[in-house]
Amino acid sequence: MIRFLIVVALLLLLGVGAYFYLNRTDVSDGTAPQVVGAPPSADVLARGEYLAKAADCTACHTLPGSAKAFAGGVPFKLPFGTIYSSNITADEATGIGSWSDDDFVRAVREGVRKDGKHLYPAFPYTSYTQLSRSDVLAIKAYLFSLPKAPQANKANDLSFPYNQRWAMGFWNAAFFKSQRFTPDPSQSPQWNSGKYLTIALGHCAECHTPRNLGFGLEHGNELAGEELQGWRAYNITSDPTHGIGAWSDSDIASYLTTGHADGRGSASGPMAEAVENSLRFLNSADAAALVTYLRTVPAHEGKDPITIDTEAAPVMASNQAAQGGDSANADNVGLHLFEGACASCHQWNGKGQQTPYASLLGTRGVNDVRGTNVTQILLHGSSLHAEGPNIFMPGFGDAYSNTEIAALTNYVIGHFGNKQGAVTPDDVAQRRKQL
Amino acid sequence: MLSLSVNGQSYPVDVPDDMPLLWVLRDVIGLTGTKFGCGIAQCGACTVHVDGQAVRSCVLPVGSLGNKAITTIEAVGNTPSGQKIQQAWLDVDVVQCGYCQSGQIMSAAALLQRTPNPNDADIDAAMSGNICRCGTYVRIRAAIKQAATGRPELLQTIVSAPEGASS
Amino acid sequence: MKRQDDPIDPGRRKALQSGGLAIAFLWLGGAGTAAAMINARRQPSDAAVALADGNPPFAPNAFIRIDTSGAVRLVMPSVEMGQGIYTGCSMLLAEELGVGLDQITVEHSPPSDELYGIPALGGQITGGSTSTRSTWQVLREAGAVARTMLVTVASAEWHVDPSTCTVDRGVVHHASSGRSLGFGALAAAAGKLPMPDKVQLTDPKNFKLIGKPMRRVDSPDKIKGAAQFGIDVRVPGMKIATVAACPTMGGKLVDVDDKAARAIPGVVQVLRLDNAVAVVGEHFWAARQGLQALNITWDRGANAALTTQQLRDALADSARNGSSIVATDVGSRPTQGTTVESEYQSPMLAHATMEPMNATVFVTSDKCEIWTGTQVPMRAVEEAAKITGLSNDKVIVHNQYLGGGFGRRLETDWVEQAVALAKQVSYPLKVIWTREEDIRHDRVRPMYHDRISAVLDADGKPAWYGYRTSGSSVLARFAPMAMGKNGLDSDAVECVDEVPYDIPAKKVEWIRHDMPEGLVTGWWRGVGPTHNLFVVESFMDELAHHVGKGPLEYRRALLQKNPRTLAVLNLAAEKIGWSGQPLPARVGRGIALGEPFGSRVCAIVEAEVTPQGEVRLRRVVVALDCGIAVNTSSIEAQVQGGLLFGLSAAMFSGITIRDGAIEQSNFNDYRNLRINEAPMVEVHRVVNVEPPGGLGEVGTAIAAPALANAIFAATGVRLYTLPVDRDLLVKNSDALKSVVSTAAVHEGRNLT
Ligand code: FES
Ligand code: FES
């Protein structure tokens, strides 16, 4: 992040004129393409609710397990400190009850709050800027229809200079462009709707698009995958090898709305939250629109591309109850841990026992030789409340050492991905600190 | 209304699809030999056979079962491997408090079914998901081997079963 | 506190001398309410109990029922929690009665102090290694009474002298005339006979069962899933509840929003207590779903900010500076010589019995029935009476098989909670704790901070040792009257006030350091000895190392006046091949020796420590001198099981507290040894007819120091805290930078 400082310093030199030029605001209302699941604007509350879900306001503004919806206080650990989300209920004193429509629209689309101070881009105004004014106001109407939750905002815990909100003006000048969504007339309405869902509401790029040195999104490399808060958001471009080009439409739709696609994987970590709080509420037409758009995202290999072995030899040699081949590796620490704590759900044939969500064969996690997400799931567990039974895996971080987690991750990568895992105990120690 | 096939008998049960088999067996059907130990597939106390495979019933939604054959500890003795395992369990005197043993026996019977002569690594692979707090592991290992080979396994103080010993 | 069906000895010397729990029960004995206790002969209340128990034609006392088919049922005065007491008691009865263990069935006793009360305990209680010792004489006599009566009937029918008759496997024989009659044929007539005044007990050298490795009587049911544990009880009309108590120790319930919970199909109702909420369902699943849907507001109370570190710091301070109660002060501390001093810490520990806490309770206006597995049915009765306002005799406890005790079921907290909940409803209520609840609301083994020091003489032998142990007192809460005159908790210093070694002078002090209110500490599988032996035996190794001696020879030199304990040391060393081939790098053997619970035991653990600090248990050899034995198979099983229980704790376990709540919750974070991590445990017994010692906790108490010493031998790192801190065992930091082994080579894969 030293480099970020340099960027900030350089920008200072560029001068005030450039600053204001680059910070200019698109004042147009914008028009949204059709979003099938959102009832027409007449029923503004229902529309607002659907859009608020599609925009996943809950993930950041409701503490998991809290009865106070949208009261904020959710921590975000970033490399430069911790940010807490704010209360967006209509409570006048602690929430946004006193905000006018214009105040709200400006905050959502420009990242500037009522008092004129800049918001941090942990709040995805960089994506929401594409939203139409009427959609933003529908969301506001919905939020204001909910119970007010008096709960004071928590002060952020950021170090200098990141605690200087004004500096975000420079960041915006460099990386943020205020602009509305413009439909592409050469594409189908469905495609346009999918794009709006992807880039504006769903703000998928915030996690899936690689970031540059200044923490801005790398344009031209959209959705090619990035690592954030210790989790890897995978490449979701149309690249058939490293992205999701080889997935069927129903694979993608199923993954988005249920958190699982057979032979492809199950959502966990932040993606599980996105499915749970947001994507599963999309109706089938909107999910299909999302798929249509994602299919057209230009293929990119992305950083540390993952190549999936869908027929990993060790798995093919195994049955559901025992690993194949000889037992000469019985001394392997990872195998020992797997047979004790993991096999009864995941099985050696990678199919998953009690639920297909536990299947491992063909997933990106076990084919990522750095084992990023496998490590996170082992340390912290995973849970997904979608349709049907709750899906969960307990975390093992508190009782298992870094060495054990590393050995287990490498075993899983070896067995289910047929690759040499590269996880060291030190890597696990690092990842422990990340959440 | 679901219909479950348990120990060769069919049971109509009126329960939600996502209810784990364990609780259907214990609280609805009334077969309490299958035990609850953790509820998160970590201890193996709830192990049953579904189509002959050892499965943790505490996390197995009944809705996914269809008419697959479920076997519990109450009937595993009707299978050849279950019968052998139970006999070895008696011969080696494995049991202590006994609470984990339904699950241990179900796991061991499934093992013997597919691997008639398991080595230590096979035993580890099949049995490591079953926790025993009383610490009967040494005898579990011995009993599985004895069930497989018919030969008494090394134990230090059980020299022989004297007259009058139950069998 | 779980103990083996102790081997027995009529003239036992060390009877109840050792163990805080045993002493607690001694006190209970003093305050016991029952006028009569178990008796080999029929008592006034026998008739009613036998009538309720199928009215067998022959029921000569509270323990034996024989009907006309010859079926023999034995009623157990104690409860079975894995320790094998049902087998031990059955062996005593069957030996004298003249039946095989395969010919009997066992029954839990109904509640009755008069018929099943253990004299030393003042009631029908199982614990403290008292069962066999208290029943040894009376149960054999009970068997002999029955046999005598059966023989009397047969000999009268045959007109022969009873002394010419023999009994074998349920049949009375008259050898010279070749006649015989089964018990069934004799039962009705025997039932009408008066009680014999005197009976002849079998000469021990003619024992057919006692002293042999007998198979357990409870196994046949347990391997078929037919044994009924508390959690398996099904009462007509019963509903099932599960509970959430305030996670913070001592916190209270403020409010609960149960709207969502009540909407779940199968949820019956939501019940509230002062500090807990329960959801009742048609089945456990509905109840649990309901519990998860509750929105509960807690008053987290005075402990809301409590952490383990605060407790640990305070404990350390009291060990160093607190004012103590002196347990032993013999001789004086030499002014000359080298002083060695160390401090050790032991963590809080959960029980995690395999069967989570549960109780089924039906409260009506004039009765409270309880089905549960408890080691203290009397206490359960008293507590339930207090809560329901009924008198003791209106409370009926149906005891069940216990899915593990380990001392957890000496408490009654979950029974009290279940009664308080059941009182609110009109149907029988089964309350089952989730595993999470079971661990978060355990009554943990206390944490300790111990400071040990020694002054070495010119030969390097300790001339004096000093010990200051600080921890909370379980005894003080459990049985305050059992505390020593000067306020000493004898359990706190067990195995350190007396050590096997020849050390001329010592001073042993205890600092009572109570935990904050709400953090209740309880019995475990051994309490005092489980940490004291860890400290003393680790320290013996430290001393040996300090003077450049091997751990075996150093101990041997100090045991010259203690041949019995020296013998177990030598036996264990011989069996593991101590002086054989040198061990590979980072493999070590550790010795621990002690005299816990009246037995003498030596464990040698062989362990390997990987460069990344992981510990692999390779092998354990135990040598044991526990005096004479009832069931040698049980002895081995108890030592193996106890040892693995102790190793599991030493390797992985520690309860920690954050924000006033226990952080661990289930087997994913309260880890337990699995079969692929468990070593082979060989048990070798010194066979003698010395008075017996305890067993169930012996293996547990000796495990941790043997492991710590093995790790020291393998790595040179001394562990002063438990559980094993693997970070300390890393060979060098580079070991953590490299990829840990993968299965590539062995799986024969083609790496891409
Ligand atoms: S109860 Fe199912 S594995 Fe523990
Ligand atoms: S026998 Fe008690 S838990 Fe296994």
Side-chain angles (χ1 to χ4, degrees), chain B residues 15-16 19-20 23 26-28 30-40 42-43 45 72-74 77 86 89-91 93-102 105 123-124 127-128 130-141 155-167, chain C residues 81-82 100-102 169 208-209 212-220 222-229 231-232 234 240 265 283-285 352-356 401-404 432 434-435 632-633 635-637 640-645 666-668 672 674-676 678 680-685:
Chain B
V15 297
M19 181 161 164
W23 300 108
R26 290 182 56 85
D27 291 352
V28 180
L31 289 169
T32 55
T34 307
K35 303 303 186 202
F36 165 59
C38 68
I40 57 167
Q42 283 298 303
C43 78
T72 69
I73 185 69
E74 284 89 350
Q86 285 179 326
W89 245 244
L90 290 176
D91 291 344
D93 213 30
V94 173
V95 169
Q96 290 192 23
C97 83
Y99 192 80
C100 74
Q101 300 292 346
S102 298
I105 286 168
I123 293 174
D124 282 349
M127 303 302 297
S128 294
N130 289 77
I131 290 174
C132 175
R133 283 292 284 162
C134 296
T136 62
Y137 298 135
V138 175
R139 287 188 175 184
I140 286 174
R141 193 180 289 283
L155 283 170
Q156 293 75 51
T157 62
I158 302 192
V159 282
S160 63
E163 242 185 78
S166 67
S167 56
Chain C
M81 46 195 168
L101 285 193
D102 56 333
R169 292 189 57 81
K208 288 190 179 127
L209 305 174
K212 305 269 164 38
M214 297 301 295
R215 290 179 199 155
R216 300 172 58 113
V217 297
D218 49 347
S219 291
K222 285 180 175 175
I223 61 152
K224 289 190 298 235
Q228 178 170 286
F229 295 86
I231 203 170
D232 302 329
R234 289 166 66 81
I240 298 175
H283 41 68
F284 179 86
W285 181 243
T353 59
M354 210 66 215
E355 178 195 11
Y401 277 120
L402 279 60
I432 301 176
T434 58
R435 172 62 61 198
T632 52
S633 170
I635 290 174
E636 181 195 71
Q640 282 173 339
L643 203 114
L644 293 181
F645 192 90
N666 206 324
F667 292 122
N668 61 311
N672 195 73
R674 295 176 178 277
I675 195 171
N676 64 359
M680 175 68 195
V681 183
E682 295 167 37
V683 182
H684 301 277
R685 201 161 56 87

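In what follows, chains are A, B, ... by sequence order, proteins preceding strands, each numbered from 1. Remember, it's a predicted structure, so these values are computed and weren't measured experimentally.
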Report the option among B:V95, B:N130, B:V28 that has the most heavy-atom pairs separated by less than 4.5 Å from atoms of chain C. B:V95

For B:Y99 versus C:G403, what's the shortest heavy-atom pair and its separation? CB-CA, 3.7 Å

For chain B, which of C:M354, C:Q228, C:K224 has the most heavy-atom pairs under 4.5 Å? C:M354

If one checks every heavy atom of C:I223 against chain B at 4.5 Å, the contacting part turns out to be both

Within 45 degrees of the ring normal and closer than 6.0 Å to the centroid, is that where the cationic atom of C:K222 sits relative to C:Y401? yes

Among residues at least two apart in sequence or on other chains, which ones pass side-chain hydrogen bond (donor to acceptor under 3.5 Å, both in side chains) with B:D27? none

Applying a strict 4.5 Å limit to non-hydrogen atoms, the region of B:I131 in contact with chain C is both

Any donor-acceptor pair under 3.5 Å from C:E355 side chain to C:I231 backbone: yes

When C:N666, C:L644, C:N668 are compared by non-hydrogen pairs under 4.5 Å with chain B, the top option: C:N666

Please check this pair: side chain of B:Q96 against backbone of C:A637, looking for a donor-acceptor N/O pair closer than 3.5 Å. yes

Mind ranking B:Q101, B:R26, B:Q42 by heavy-atom pairs under 4.5 Å with chain C and telling me who comes out on top? B:R26

Interchain contact, C:I432 with chain B, by part (heavy-atom threshold 4.5 Å): side chain

Could you check if a side-chain atom of B:S102 sits within less than 4.5 angstrom of a side-chain atom of B:T34, using non-hydrogen atoms only? no

Between B:G98, B:G33, B:S128, B:G135, which shows the greatest number of heavy-atom pairs under 4.5 Å with chain C? B:S128

Residue among C:P265, C:A678, C:A352 with most heavy-atom pairs under 4.5 Å to chain B: C:A352

side-chain hydrogen bond (donor to acceptor under 3.5 Å, both in side chains) involving C:T434 - partner list, sequence neighbours excluded: none

